[in-house]
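Encoded as structure tokens, the structure appears first; notes follow it.
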2 protein chains.
Amino acid sequence: MTNPASKPASKPAVPAPAPRSRSKRSGSQLTPEAIVQASLRIAARGSSDAFTVRRLGEELGADPTAVYRHFRDKDELLLEVADRTLGEVLDSIRPGLGWQDRIRALADGSLAVALKYPAVASAMASRTTRRANEFRVVELILGAVTEAGLRGAEAAVHYRMVGDSLLALVGQRAAYLLFSAEARAADESAWSREYRLVDPQAFPQITAVAEELAGVTQDAVYQARVEALITAIETSVAQHR
Amino acid sequence: MTNPASKPASKPAVPAPAPRSRSKRSGSQLTPEAIVQASLRIAARGSSDAFTVRRLGEELGADPTAVYRHFRDKDELLLEVADRTLGEVLDSIRPGLGWQDRIRALADGSLAVALKYPAVASAMASRTTRRANEFRVVELILGAVTEAGLRGAEAAVHYRMVGDSLLALVGQRAAYLLFSAEARAADESAWSREYRLVDPQAFPQITAVAEELAGVTQDAVYQARVEALITAIETSVAQHR
DNA sequence: ACCTGAACACCGTTCAAGT
DNA sequence: ACCTGAACACCGTTCAAGT
């Protein structure tokens, strides 16, 4: 209902009268769907292939500017692509879970999809698609906080807490994946080396846990952040009882 | 001091012995400090002035490429500028607070500074400066989680949870501030209008709290996210007792 | 109706040339 | 030793021209 590619390939099995002359010239023949699919392929290549409209034209075998006949600008295309990836997230969540596990599954699925299409997740960290699948995600989170026991304004603000936090969390991970190997190496050396060489007088706390700081994994931080959201909901429920 | 025409008509009344020949030609005479200060001025102008090296050259009254004599690339300059803004955050935290209020003060200060220099906060949401003031922030957060009662690996992972979450939170708010007015309006209309027009059959949860969703303020979400971090630390302390 | 391709107004960065 | 300015390799987007 909300998807723009609403033309349903409606020609049935009966032989089409004219084979729709299309391979004539440059073979392009664009559709919004083809553009979205090409965008997803490029985004899935991660840092090895930038998601630019010129690269997109190449992938489509068309002039770079041809996409402007189907999308107002690159941002509108990005919103559509992002909503498509949200569909992948939703499809990955199996039914029948309790509210805590539903949030965990949403977080896990979001992270997996964000790492699959890092350019999309990184660009969407502060955005809202306002498209079909986003409404489904909102419904999912609201269902979870309601099942937990929150109502009204309390449910609304906790939905926003969860939604914004997950978006930021997976956006951060995706952006990290897009960094140059050099920048990532510098970042990791901070934890593994620089924090061990700090002045113990000036930084006693860092000195005390320098070893443990180097051992913290991204997955441990991810899990702590997701569990913090769940705990916050539980705490709010307990307070409003 | 803020005007770009920095030629100060500097010949004083009394003839200085050797006036350190500098105002000779183009009057630029760059230093790393002057470049950082100019960057902060530009960043403080928000979305009305993009933080580009060409704009920076203009602000300095020098050729845009002159900054490359003092910083390896734009990223290194950004890291230096970001660490400077971290100093502003630290200066805003008054001493003598308990660990919870220390985290709240850090969050409040970070938000204020992020909204003051949105281009910097937005670019740093997934980064680490590895510079002096960042070490001070790490020490502050570690001190808070230690005072709360966490030790070793548990303290380390909770430090990362707090640090990464605050970075993401204020980065999101800063990025939102940089959006075009048009994009912001579209975002707000989602909450105030589109969510009220949703199909009640397909989206019962959204329908139930559509009114409250429109009423959620950014400040309420911000507070919920900060309190979630504090609650997570308290919960972890209670569990490990 | 849709695609092409030149063109525009930007980016960050390099490098030979100036002083 | 430091700054300049042309130049390069990119961006997203517009628009007249093609078919």
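Chain naming here is simple, since letters A, B, ... match the order of the sequence lines and numbering starts at 1 in each.
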Problem - Secondary-structure stems, DNA chain C, at least 3 Watson-Crick or G-U base pairs under 3.5 Å - result: C:4-8 with D:12-16, C:12-16 with D:4-8

Exercise for the section: Run the numbers on B:Asp63 and B:Tyr68 for side-chain hydrogen bond (donor to acceptor under 3.5 Å, both in side chains), then give the verdict. Expected result: CA-CA 10 Å; B:Asp63 190 272; B:Tyr68 288 89; over 6 Å; no

Practice task
State whether B:Trp191 and B:Arg196 meet the cation-pi test: NZ (Lys) or CZ (Arg) under 6.0 Å from the six-membered ring centroid, and within 45° of the perpendicular axis.
Solution key: no

Handout entry: Check: B:Arg184 side chain, B:Leu177 main-chain N or O, donor-acceptor pair, under 3.5 Å
Key = yes

Handout entry: Short N-O contact, A:Glu182 and B:Arg72, less than 4.0 angstrom
Key = yes

Practice task
Round to the nearest Å and state the distance from A:Phe71 atom CZ to C:dC2 atom P.
Solution key: 13 Å

Exercise for the section: Mind checking side-chain hydrogen bond (donor to acceptor under 3.5 Å, both in side chains) for B:Arg55 and listing every partner two or more places apart, or none if nothing turns up? Expected result: B:Asp49

Exercise for the section: Check the pair A:Tyr117 / A:Glu88 against side-chain hydrogen bond (donor to acceptor under 3.5 Å, both in side chains), numbers first and verdict last. Expected result: CA-CA 11 Å; A:Tyr117 308 108; A:Glu88 278 192 44; 2.5 Å; yes

Problem - SB check A:Arg84 A:Glu80 (cutoff 4.0 Å) - result: yes

Interface polar pairs with nucleotides 10-14 of chain D, N/O, under 3.5 angstrom:
{"unit_1": "D:dC11", "atom_1": "N4", "unit_2": "A:Arg54", "atom_2": "NH2", "d": "3.2"}
{"unit_1": "D:dG12", "atom_1": "OP1", "unit_2": "A:Lys74", "atom_2": "NZ", "d": "2.7"}
{"unit_1": "D:dG12", "atom_1": "OP2", "unit_2": "A:Val53", "atom_2": "N", "d": "3.1"}
{"unit_1": "D:dG12", "atom_1": "N7", "unit_2": "A:Arg54", "atom_2": "NH1", "d": "2.7"}
{"unit_1": "D:dG12", "atom_1": "O6", "unit_2": "A:Arg54", "atom_2": "NH2", "d": "2.9"}
{"unit_1": "D:dT13", "atom_1": "OP2", "unit_2": "A:Tyr68", "atom_2": "OH", "d": "2.6"}
{"unit_1": "D:dT13", "atom_1": "OP2", "unit_2": "A:Lys74", "atom_2": "N", "d": "2.9"}
{"unit_1": "D:dT13", "atom_1": "O5'", "unit_2": "A:Tyr68", "atom_2": "OH", "d": "3.2"}

Problem - Rounded distance (Å) that lies between atom P of D:dC3 and atom CG of B:Leu30 - result: 5 Å

Practice task
Check the pair B:Glu139 / B:Glu134 against side-chain contact (heavy atoms from CB on, under 4.5 Å), numbers first and verdict last.
Solution key: CA-CA 9 Å; B:Glu139 185 75 9; B:Glu134 186 171 273; over 6 Å; no

